[in-house]
Amino acid sequence: MRSFFSLRRETAGRLLVCVSRGLLACLLAGAQLLGGYAPFAVGAVGAAGPGWTGLAALVGAGLGALRLSDFPHALRTMACSVLLFTANNAFCELKAYQKRWFLPAMTAGLMLTVEAIYVVRAGSLAELACCLTATAIAALFASCCRQALESSDARRAHPGAALMLLVGILTALGAPEFTNGVAPGRAAATLAVLFLAFDRDVASALTSALCIGLAADLAAQGSQFLHTACYGFAALATRYLHRESRVRAAGVFALAAALFALPLGVETGAPLLYEALLGTLLFLLLPSRLLRAAHEPEPVPAASDGQGLRRRLRESADTLRELYESAVSVPPPEEENPAVIFDRAAEAVCRDCPQRDLCWEREYGRTYNALNDAASALLQKGAARSEDFQSFFVERCARFSSFLTAVNAETHAFLLRRQFRRRLEDARVRSAGHYAQLSALLRTAADAPDAAPAGAVSAPLYRVGSSLRPRAGESVSGDSAAAFETETGTLCLLLCDGMGSGEEARRESAFAARQLERLLRAGIDPDNALKTIHGALRLRGELSDSFVTLDLMTLCLQSGEGALYKYGAAPTYVKRDARVYRVGCSCLPAGLAGDDAPPETTRIRLEPGSCLVMVTDGVADPADDAWLQSLLAEWEGESPQMLASSILADSSVHKGAEDDAGVLALCLPESASGNATREV
């Protein structure tokens, strides 16, 4: 019964979407620009996509065009809509269809295909300009309409997409006019301009006002762009003079519109003034809650230590849950086919048998059936006997005794391999389940009481620079770098190198860097955080053969005490005065080392004026890095970004670009106080 009602709700939801798309396209068909073009309706049909939603938009656009425009232009709008609906259904399975550029390009191309006939027949440059303008508007509106209507979270949709949709609707509403040329749609447009001028910053308010005014002028077929100028002038005046007062904003907007409209005369200026006054009145009638929610920022509560603890626990729980899901999302390997037992036995015994051609070529079918019949008994008992095979096979086989011995040996090995794989899969699932259990425990602990607040400490000055270079022939680097500061005043530099190069290596290194950063930000000890990532990579590596080198530096900004943690990473170089020290690593990368293998840890201390450089193995070989140590010893600059770029440039000369290369550089200036800066 529950599934029945769920199905009914899903069907009702789809029907509602189809009806809303159809009504929107029907309404937008009334937004006619430049002498009869309906680009908003055409764009709405393109944005509706294939299937029933596209069909609903097509029907709505056709009915709206027939009702709201003359027949020739309605016919052109319907032709464009039919072509777009057909193309959506024809191309929806292509990979290129999911690209952002495909929909606007398809909309523009099909609209030009239809309108080109009329432009050629008119033979006018003005008509060509109108056609190209309408085509550009249709392509832009199709892209914006899809983003605004299909975004999973409306708050994350680009503001330009919502603005474009608003412009189309207001243009359609502005088509019908009352007496004296006053249009209710343009009155709604002035309301939108006033609301945005009161709520948004100067740039957003002015851009929105100009777009809304331009659409109103194109729909009115005017050449003076009066609405554009009026809306822009009134929006600027309101934005600068409203002083956070709703009544003052309405008064400034009405006064600015009056100052602009009165010199134009009764025939032209009166409609502008009446529409502005009507929009101002509607603005004053808006509920105060709506204006307060839109205009006033949401208060942010002061974060106490208890809140920070709960946040860190939740972040740790989310990280462990994601690690668990990444481990269990890899499908288990397929079971080995038992036919391999007979294949290997035959390879060992039948290779030089005089009856080989008879058994395995001329009478292959009978041989296959005989072995297939014996397979079930063989796997059940773990060993085969002569009675398990058909009598004709036993009598015909010249080396049956040797063949039976080889089959039993291969069966024993096959069962051992199956047992090992199953135990390994069980261990992988159990280990992954530990992450889920720990995630649940941390979620429960997130409700712990707050701790006593601690005083804030100012951080010393430091500068960080990073540079990544992909391998020759690749577009992306397989290395990932991160530099961040935790709430406890610990600076963390992280450099990861994924196995191989290209997009797959970048995905593995980025995954490790992202999860390790989340653990460190959540307050997890670096040693435990690295072991956790190493265990997760081992689980992933059992099926995907992937591993990552991890290179982490943590530094207490107050004391200068730090540590280097490495899993298979390249050496790190520390410069004090004119001397350069190298810290190497001899352990395996994360994902290859043993289950309980800890990272190699080296304690360091950085004084003001010292530098630290972390590199991946694509920069220099440990046995041939004299050039790198000389570069650091002679470096007198202050920008770590320039230092990282110089190291990569010299690396191309000494080692080439046969591997991805990454550099992270940290400089502590002589001044020990100030604000931290970061150059990336």
Side-chain angles (χ1 to χ4, degrees), residues 24-49 54 57-91 96-97 100-146 164-165 167-172 174-175 210-228:
L24 178 63
C26 182
L27 173 65
L28 293 174
Q32 299 173 22
L33 310 179
L34 304 169
Y37 291 95
F40 294 109
V42 173
V45 174
L58 172 63
V59 173
L63 294 177
L66 290 173
R67 178 66 180 84
L68 302 173
S69 62
D70 56 89
F71 184 75
H73 286 98
L75 185 63
R76 292 154 65 174
T77 302
M78 293 171 63
C80 294
S81 301
V82 169
L83 288 178
L84 275 173
F85 175 71
T86 305
N88 274 329
N89 286 276
F91 300 144
Y97 185 82
R100 288 187 176 182
W101 56 265
F102 188 87
L103 177 60
M106 180 182 69
T107 303
L110 294 179
M111 187 170 178
L112 285 176
T113 302
V114 174
E115 298 293 348
I117 302 174
Y118 300 94
V119 173
V120 172
R121 188 174 63 181
S124 170
L125 291 178
E127 184 65 24
L128 176 61
C130 292
C131 177
L132 294 178
T133 303
T135 301
I137 293 174
L140 178 61
F141 186 79
S143 179
C144 293
C145 186
R146 170 172 290 182
M164 194 66 181
L165 182 60
V167 168
I169 295 175
L170 291 177
T171 306
L210 294 179
C211 290
I212 295 174
L214 181 60
D217 286 322
L218 292 178
Q221 304 181 29
S223 58
Q224 297 179 344
F225 299 101
L226 296 179
H227 294 87
T228 306

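Considering CG of L68 and CG of L28, their distance stands at 10.5 Å, rounded to 0.5 Å. The distance from the CG atom of L58 to the CG atom of L83 is 10.0 Å, given to the nearest 0.5 Å. For the atom pair L75 CG and C80 SG, the distance stands at 9.5 Å (nearest 0.5 Å). For the atom pair CD1 of I137 and CG of L140, the computed distance is 8.5 Å after rounding to the nearest 0.5 Å.
The minimum heavy-atom distance between G46 and N88, with the atom names listed, is O-ND2, 3.2 Å. Minimum heavy-atom separation, G62 to M78: CA-CG, 3.8 Å. Scanning both residues, A25 and A61, for their nearest heavy atoms gives CB-N, 3.7 Å. Across all non-hydrogen atoms, the minimal contact from A29 to A38 is O-CB, 4.2 Å. The two residues A57 and V45 make their nearest non-hydrogen contact at O-CG2, 3.6 Å. Listed here is the closest heavy atom pair of A65 and A74: O-CB, 3.4 Å.
With contacts defined as side-chain heavy-atom distances shorter than 4.5 Å, the pair Y97/L103 does not qualify.
For the side chain to side chain donor-acceptor pair (under 3.5 Å) condition, the pairs that include at least one residue of residues 109-129, sequence neighbours left out, are Y37-E127, R76-E115.
Qualifying side-chain contact (heavy atoms from CB on, under 4.5 Å) partners for L132, counting only residues two or more places apart in sequence or in other chains: L112, L128. Under the side-chain hydrogen bond (donor to acceptor under 3.5 Å, both in side chains) criterion, T228 pairs with D217, not counting sequence neighbours. In terms of the side-chain contact (heavy atoms from CB on, under 4.5 Å) criterion, residue partners of A87 (sequence neighbours excluded) are, by chain and number, F91, M106, L110. Remark: L63 pairs with V59 by the side-chain contact (heavy atoms from CB on, under 4.5 Å) rule, at least two apart or across chains. Partners of N89 under the side-chain hydrogen bond (donor to acceptor under 3.5 Å, both in side chains) rule, at least two apart in sequence or in another chain, do not exist in this structure.
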